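Worth knowing before you read on, the calculation uses all heavy atoms, side chains too, and leaves out hydrogens, waters and symmetry mates. Letters A, B, ... are given to chains in the order of the sequence lines, protein chains preceding strands, and every chain is numbered from 1. Remember, it's a predicted structure, so these values are computed and weren't measured experimentally.
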Protein chains: 2
Amino acid sequence: MSKKRNTTLKELSKELSLSISTVSRALNDHPDISQSTKERVRKLAKQMNYVPNLFARGFRSRETHILGVIVPNISHLFTSTILKGILEEAELRGYRVIISESNNNEVKQVEMLNTMTQFGVDGVLMSLARKTTNVEEILKILNRIPIVLFDKVSSKIPCTQIVINEEEAAFNAVEHLIELGKQRIAIIKETENSYNSEKRYAGYLRALNQYGIPVRDKLILSTEDISLGNGRRLTNILLSMKKRPDAIFAITDNAAIGAIKALHKFKVKIPEEIAVVGFSNSINSTIVSPALTTVDQPGDKIGRTAVRFLIQELENPTNDVMTKTVEIKTSLIVRDSSLMV
Amino acid sequence: MSKKRNTTLKELSKELSLSISTVSRALNDHPDISQSTKERVRKLAKQMNYVPNLFARGFRSRETHILGVIVPNISHLFTSTILKGILEEAELRGYRVIISESNNNEVKQVEMLNTMTQFGVDGVLMSLARKTTNVEEILKILNRIPIVLFDKVSSKIPCTQIVINEEEAAFNAVEHLIELGKQRIAIIKETENSYNSEKRYAGYLRALNQYGIPVRDKLILSTEDISLGNGRRLTNILLSMKKRPDAIFAITDNAAIGAIKALHKFKVKIPEEIAVVGFSNSINSTIVSPALTTVDQPGDKIGRTAVRFLIQELENPTNDVMTKTVEIKTSLIVRDSSLMV
DNA sequence: AATTTCTATGCAAACGTTTGCACAAACGTT
DNA sequence: AACGTTTGTGCAAACGTTTGCATAGAAATT
């Protein structure tokens with residue numbers, strides 16, 4: 001169990017009666033070294049189970065080939081799907097990944113960012129904590145190492161940002177409802193202006209405008225915490241109106257499922273009386289009945305793209321720090337909650 | 001953007017007209033150093049934003065304070081809950097965490113294990129890939145660094161193993177059904193003898209025996225892939241019997257939800273005619289209707305416990321590698337699918 | 001006053017790797 | 001035969017930290 005030391009270059013060189021540098025070069029396939037020597041070295045290295053000490057290497061070259069990832073909450077399906085993409089793409093490109101959680105705590109987020117740079121990660125992938133307002137510290141760190149934001153991003157931080165095309169996705173969802181013949185389309189969104197909520201709301205408005213449907217304030221409901229419970233609560237409010245909506249667009253699946261539960265309780269027919277569309281394509285959307293029409297966000301693609309852009313920056317360093325937004329396409333998955341036959 | 005070098009001990013020492021060693025000791029609170037010097041050093045260190053180069057440190061001390069984690073699939077709620085626990089506990093104890101996915105691929109699993117040790121992690125937390133049979137490579141690595149297994153474990157690997165008390169959890173679930181007055185309790189389990197499935201099946205058998213209920217082969221159904229679809233399919237088989245069961249215990253929530261869907265289709269009353277119990281307490285279990293009675297597995301506790309045991313081993317190294325199984329308690333969450341009034 | 005003990009500090013080696021430079025040996029060219 | 005070129009190898013420094021040992025000066029003891 002005690003940590004046996006690994007074979008080192010020195011040991012190899014002694015065994016082969018070569019210098020350390022020759023052995024090092026041989027293993028790194030340096031052109032100066034003769035073929036025969038290379039083969040001898042490689043053979044013995046394999047035999048003696050040599051593995052380079054990455055610490056010594058990283059220590060010298062100041063490159064660790066480690067990427068840091070900071071997310072608000074790892075046990076969230078969408079997040080872990082993104083992480084999956086990150087892990088896969090990083091591995092493919094020879095990088096290792098350290099993951100941390102900010103727990104939606106801004107202070108902790110900066111702390112993690114600091115220990116990660118201290119640790120020597122080559123770059124950081126980050127999804128911002130909710131209500132991140134003080135970006136100063138982050139900007140400081142951005143001066144030292146490249147950061148790529150994904151999912152929860154902020155225009156205040158000048159760097160590459162990978163997001164889904166929230167606005168268009170919402171537009172498509174609402175357009176779909178309009179094409180069903182719905183005219184009084186309610187939206188359930190977040191109160192505080194998170195990037196996502198804002199964009200989705202914008203898409204909602206654009207769809208209504210484009211199709212010449214009046215925007216009715218009464219049908220625009222907001223909540224601090226966009227949860228299943230609140231989806232249900234707000235739907236109850238909608239049902240108590242004298243003129244009920246004929247469709248509900250909830251900006252998260254959970255809220256949409258809450259809506260369905262509420263509609264169920266009051267025996268409202270879905271989608272005939274009121275159609276429902278959510279956002280995320282979480283597993284639950286297929287479990288609820290009727291199955292929920294929702295926007296599929298390709299999480300792993302976001303992850304992969306983020307890694308790709310970060311590595312691109314790492315390997316072609318430039319000094320101009322600038323905002324660059326990359327939008328990942330989504331698709332609308334139509335299910336029973338908006339399927340009119 | 002270009003990687004500015006960090007402040008080093010050398011720079012601090014020059015500024016303070018002290019030697020590097022004195023500065024180092026001052027920062028590490030060595031008793032040899034006078035209070036006044038310590039304060040001077042600390043002050044400047046803070047001012048110049050000094051952070052120790054962890055690579056140089058780890059390189060020298062051969063301790064990285066990094067734990068490696070290998071899981072079959074990160075985007076699985078239970079897994080990511082465990083990861084959450086691991087991250088929290090590790091952070092609390094000053095360790096960082098590198099996560100990798102084996103994708104249930106045995107070869108890749110060993111590969112990851114190798115690159116992790118090469119990288120210099122102090123220890124590894126691992127949940128085994130499905131059908132892990134060739135443990136030889138793993139045993140080799142176990143000789144070099146400590147490993148703690150969790151969730152998907154194997155008795156062939158002599159190390160600490162953190163699992164939930166599968167058998168007892170299943171026993172409690174079935175006992176609960178018996179107490180409802182159910183007598184013909186079917187089980188939906190896995191064909192291949194995975195650790196989890198086997199234990200849960202054992203709990204089922206023990207409960208029946210203890211209450212003197214005959215075990216009927218016809219009510220014991222197995223499937224390769226314990227999915228929602230297969231839960232539905234097997235339930236259809238149960239419904240086609242001349243003597244139907246009066247309860248179904250599915251060893252995963254997904255299979256249980258499949259069962260509920262099937263029962264729904266045939267208008268079987270849940271739980272009056274047939275009660276259903278699942279296993280996992282996944283989010284879906286509250287979304288399906290009726291809400292599913294299920295076994296809650298405290299994922300974060302598993303994660304925290306695993307970290308605790310690993311660090312314990314790291315900090316008190318012993319040479320005796322031995323199996324030690326730690327069981328985490330579960331609890332049965334009773335919901336509508338088995339709630340008889 | 002001479003000695004010992006203590007306190008605070010500095011020197012230098014070590015960790016394993018990479019790499020600029022030097023340099024022998026072998027070869028090719030006049 | 002003398003010179004330049006190429007090829008393969010080795011020397012030694014560097015990265016930033018920790019730490020055993022040495023030591024200078026102060027304080028305490030004789």
**Q** In residues 19-29 of chain B, what residues come within less than 4.0 Å of DNA chain C, judged by heavy atoms?
**A** B/S19, B/S21, B/T22, B/R25
**Q** Looking at B/R304 and B/E88, does any basic side-chain N land under 4.0 Å from a carboxylate oxygen?
**A** yes
**Q** Under the side chain to side chain donor-acceptor pair (under 3.5 Å) rule, what do A/T81 and A/D300 come out as? Steps first, then yes or no, please.
**A** CA-CA 5 Å; A/T81 312; A/D300 66 325; over 6 Å; no
**Q** Distance check needed: D/dT7 C1' versus A/I33 CD1, whole Å only.
**A** 10 Å
**Q** I'd like to know if the side chain of A/K84 reaches the main chain of A/G303, judged simply by a donor and an acceptor atom lying under 3.5 Å from each other, with no hydrogens or angles considered.
**A** no
**Q** For the base of D/dC15 and the side-chain ring of A/F59, does the geometry meet a stacking cutoff of under 5.5 Å between centres and under 30° between planes?
**A** yes
**Q** Base, sugar-phosphate, or nothing: which does B/S13 touch, judged by heavy atoms less than 4.0 Å apart?
**A** nothing
**Q** Does A/S34 place a side-chain N or O at less than 4.0 Å from the phosphate oxygens OP1/OP2 of D/dT9?
**A** yes
**Q** What's the CG-C1' distance between B/N53 and D/dT18, to the nearest Å?
**A** 13 Å
**Q** Roughly, in whole Å, what's the span from NZ in B/K14 to P in C/dG10?
**A** 15 Å
**Q** Provide the Watson-Crick or G-U wobble partner of C/dT29, both distances under 3.5 Å; none if there is no partner.
**A** D/dA2
**Q** Could you please name the option among D/dG16, D/dT18, C/dG10 that lies closest to any side-chain atom of B/R57?
**A** D/dT18
**Q** For the pair made of CD in B/E63 and P in D/dG16, what is the distance, rounded to whole Å?
**A** 22 Å
**Q** To the nearest angstrom, how far is A/R60 atom CZ from C/dT19 atom P?
**A** 6 Å
**Q** Counting only heavy atoms not in A/E136, do more than 12 sit closer than 6.0 Å to its CD atom?
**A** no
**Q** Strictly by Watson-Crick or wobble contacts shorter than 3.5 Å, is anything paired with D/dC11, and which nucleotide is it?
**A** C/dG20
**Q** Expressed in angstrom and rounded to an integer, what is the separation of A/D32 atom CG from C/dA24 atom P?
**A** 17 Å
**Q** Within this structure, what is the CG-to-P distance between A/L18 and D/dC11, rounded to whole angstrom?
**A** 11 Å
**Q** Keeping to residues at least two apart or across chains, list the ring pair (Phe, Tyr, Trp, His ring centres under 6.0 Å) pairs with something in residues 75-116 of chain B.
**A** B/H65-B/Y95
**Q** Between atom NZ in A/K38 and atom P in D/dT7, what is the gap in whole Å?
**A** 13 Å
**Q** Inspect the contact between A/K324 and A/E313 and indicate whether a charged nitrogen and a carboxylate oxygen are less than 4.0 angstrom apart.
**A** no
**Q** Establish, from distance only, whether the side-chain atoms of A/K131 and A/N104 form a donor-acceptor pair under 3.5 Å.
**A** no
